[in-house]
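Here is the structure we will look at, set down as structure tokens.
Ligands are counted one by one from 1 in listed order, and the atoms in each one are counted from 1 as well.
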Amino acid sequence: MIKTVKTVDLKDKRVIMRVDFNVPMKDAVVQDDTRIVAAIPTIKYILAQGAKSLTLMSHLGDPVKDAEKAKSKAEKDGKTFNFDTYIKGKHRMAPIAAYLQKKLGKAATVVFAGEDGCYNKKAFINSQKPGTVVMLENTRFHKEETAKDPKDLDKLAKALAEYGDVFVNDAFGTAHRDHASTASIAKFVPVSVAGFLMEKEVNYLEPIVTSPVKPLVAIIGGAKVSSKIAVLESLLKNASALVIGGGMAYTFLKAQGKKVGKSLVEDDQIGTAKKILEAAKKAAVEIVLPVDHVGAEKFDAAAKPVAVAAVNIPDKLMGMDVGPKTLVLYKKVLSTAKTIVWNGPVGVFEFDAFARGTEEIAKLVAAATSNGVITVVGGGDSVAAVNKFKLASKMSHVSTGGGASLELLEGKKLPGIEVTRSRDYYIAGNWKMHMTRPEAANLAKALVKSLKAGKHKYLAAPSFTALETVGQILKGSNIQLGAQNCAAEEQGAHTGEVSVLQLKDLGVHTIILGHSERRHVYKEDDALVNKKVKLALKHGFEVILCIGETLEEREKGKVEAVCKRQTEKGLDGVSAGELSRVVIAYEPVWAIGTGKTATPADAQAAHKFVRELIEKLYGSQAAKQIVIQYGGSVKPENAAQLMAMEDIDGALVGGASLKAETFVPIAKFN
Ligand code: 13P
């Protein structure tokens, strides 16, 4: 879950807020204020809470790169180029501050912190009257903002962090960038939260990939297959139909052996298109491609539209829009949806003669919204299209982010969002070698029913034999399916072992590895556990890595040494990206199944040690985010006390997970 500005007390706090005021500018005049207007509710809320100061930061274009381009163009055209005039008209934040003042009116005074950049502004900010909004200069005047080296990023991030006790990120449009002002800053402020715009964007876009209201129909258009492969693959998981339109449709049609004339085609993507068609067939996802077209002899606003009544396009024409028969198909498939996501136009809508297909889609999506369908429009061009047809207000949500919305739909984690995420409590049941299939099925059914409204993250890990049965029952619920182990090899002559490929086939989401019973009874050492961890991560699983000391080790004062060795060796070779799919379970061996629970303070000490170790290995952001479960005689009576400790983020439950009466109260602890 992301934490929002509503979860923190802002009274007398200094707030540093990242906004995305990267709006089109011409001669220092704002051309489209959508993004500025979208941040105002958060700004007003912060002021209304009595914040001591509110400092805004944003980028506006990229002064260095843009100026280089403009200069070489001017030189080519034989014109003079003046850097200062150019920058003033396009990249300085002063006109934006003035524009914001106009929009806020009497609600607040907006002051611009000066053209000399973002460093050393603490005194200036502190000298303002409460309720003043300070706008910093364009963050991208500093090369550290977009630097690759974390040291450079941190230099600017630390300076910006000086201006706030709370970091509010409302810059959804830049959330996919791992920059100083969007992500690194979170390392140096005590609290990082999302603004209302960010919250709304995430609430509409994220469920499309994780748990959409089904059926989901996706409309993906735009010029190039290459830029949409990842999103198509991601949508195949949840969509019942994919409408593929725009320039990229011709590559798909060519892949199907159709004639595409002079249409835009990426020949090097034909193989990819074939693969996507194949995958859709396997996943029973309907693919809707154009069956007729509006063509033209050349790519020109003034070109004469020619109707092409069949799927094949004559040699001398290029496809510019879809035809009327295709529109009938669109209407039919969109009428089946409960959620529609639209990214990319289906024709050259910028030219009026070829705008009909995209306009019809916009109208159909708008009509669906009024029938209660959730409709989400993302991506620069489709947003421009709904604006052009004046239908933006008729959609459930129109995203303010192009690249960011696309990456979220691809299922990626965006740095600017991740820094605002709170650790979700995660309660897992390890059923060990208990229960036959009917018994496991009964328990699974009871859990699905009782935990439907549960607020935390849940996992049930039955024995291998019950995975299929339990998996069927958990499907579509908020409980994930876990396995208790896997082999260290993908396949082959390994009698008695179960491979990751077989677990994937059964729909397993998470694998518990290095459990103390595996380590101590079945003699798995750190190297073997590590091999399994890497293999499971390579195959896309989440992993619960178990660590913990024996009684003898505890008595010898070796708790930290054991946790350190098992964590370091278990994670050897695991990348920072992969770590986001790792949960650590601290399970002191002497507390497992013995009725002896570690005291909350003892458990907290070990958890804190492990979190600090993760910080050393992967940095502070990873340490803030990693979930560390406690395991060992967790019961309804002690769950809330344990979970109240700062570094205990959940539980891995054995004995008490075998009955709904004992697991449900743990899973629903408050
Ligand atoms: P108990 O909850 O039975 O102590 O078991 C803990 C455990 O080993 C979970 O993996």
Side-chain angles (χ1 to χ4, degrees), residues 425-435 439-440 443 447 456-464 466-467 470 479-486 503 508-524 529 532-533 536 541-551 553-554 559 562-563 566-567 570 582-600 602-603 606-607 610 627-643 645 648-669:
Y425 280 109
Y426 182 10
I427 316 291
N430 175 6
W431 298 358
K432 304 191 180 177
M433 200 172 68
H434 293 287
M435 289 184 276
E439 287 162 350
L443 178 57
L447 294 182
H456 312 309
K457 179 174 170 181
Y458 303 120
L459 180 89
S463 53
F464 289 134
L467 278 171
V470 170
I479 309 172
Q480 274 154 353
L481 183 67
Q484 299 169 19
N485 187 21
C486 69
L503 295 178
V508 167
H509 181 272
T510 301
I511 308 179
I512 300 173
L513 292 170
H515 191 278
S516 73
E517 287 142 26
R518 304 288 333 153
R519 291 183 194 262
H520 296 289
V521 186
Y522 295 94
K523 306 294 172 219
E524 292 193 6
V529 173
K532 292 181 178 190
V533 167
F541 291 96
E542 283 189 7
V543 163
I544 298 181
L545 170 65
C546 303
I547 60 165
E549 79 286 356
T550 61
L551 187 58
E553 287 163 338
R554 173 162 280 261
V559 178
V562 173
C563 289
Q566 291 179 343
T567 305
V582 176
V583 166
I584 294 180
Y586 168 65
E587 295 203 306
V589 182
W590 50 272
I592 296 177
T594 58
K596 286 186 207 149
T597 320
T599 64
D602 280 345
H607 280 233
V610 174
V627 166
I628 310 178
Q629 296 173 322
Y630 169 79
S633 299
V634 177
K635 295 175 276 220
E637 305 85 85
N638 60 20
Q641 272 171 308
L642 285 161
M643 245 63 87
M645 305 310 288
I648 303 184
D649 310 318
L652 181 55
V653 188
S657 73
L658 303 178
K659 286 204 173 94
E661 300 90 88
T662 44
F663 188 67
V664 171
I666 298 174
K668 282 191 163 173
F669 85 91

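- In this structure, the side chains of N485 and K532 come closer than 4.5 Å at one or more pairs of heavy atoms.
- At a threshold of 4.5 Å between non-hydrogen side-chain atoms, the residues D649 and Y426 do not count as touching.
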Just list the N/O pairs, ligand 1 to protein, that are under 3.5 Å apart, with the distance for each.
unit_1, atom_1, unit_2, atom_2, d
ligand 1, 2 (O), S633, N, 3.4
ligand 1, 2 (O), G654, N, 2.9
ligand 1, 3 (O), G655, N, 2.7
ligand 1, 4 (O), G593, N, 2.7
ligand 1, 4 (O), S633, N, 2.6
ligand 1, 5 (O), K432, NZ, 3.3
ligand 1, 5 (O), G654, N, 3.4
ligand 1, 8 (O), K432, NZ, 2.9
ligand 1, 8 (O), H515, NE2, 2.7
ligand 1, 8 (O), E587, OE2, 3.4
ligand 1, 10 (O), N430, ND2, 3.0
ligand 1, 10 (O), H515, NE2, 2.8
ligand 1, 10 (O), E587, OE1, 3.3
ligand 1, 10 (O), E587, OE2, 2.9

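- Note on ring orientation: taking the six-membered ring where Trp is involved, the planes of H456 and Y425 are perpendicular (angle over 60°, cut-offs 30° and 60°).
- For H515 and Q484, the side-chain atoms include no donor-acceptor pair closer than 3.5 Å.
- Electrostatic pairing of R519 and E587 does not count as a salt bridge here, judged by no charged N lying under 4.0 Å from a carboxylate O.
- The heavy-atom pair separating L642 from A603 by the smallest distance is CD2-CB, 4.3 Å.
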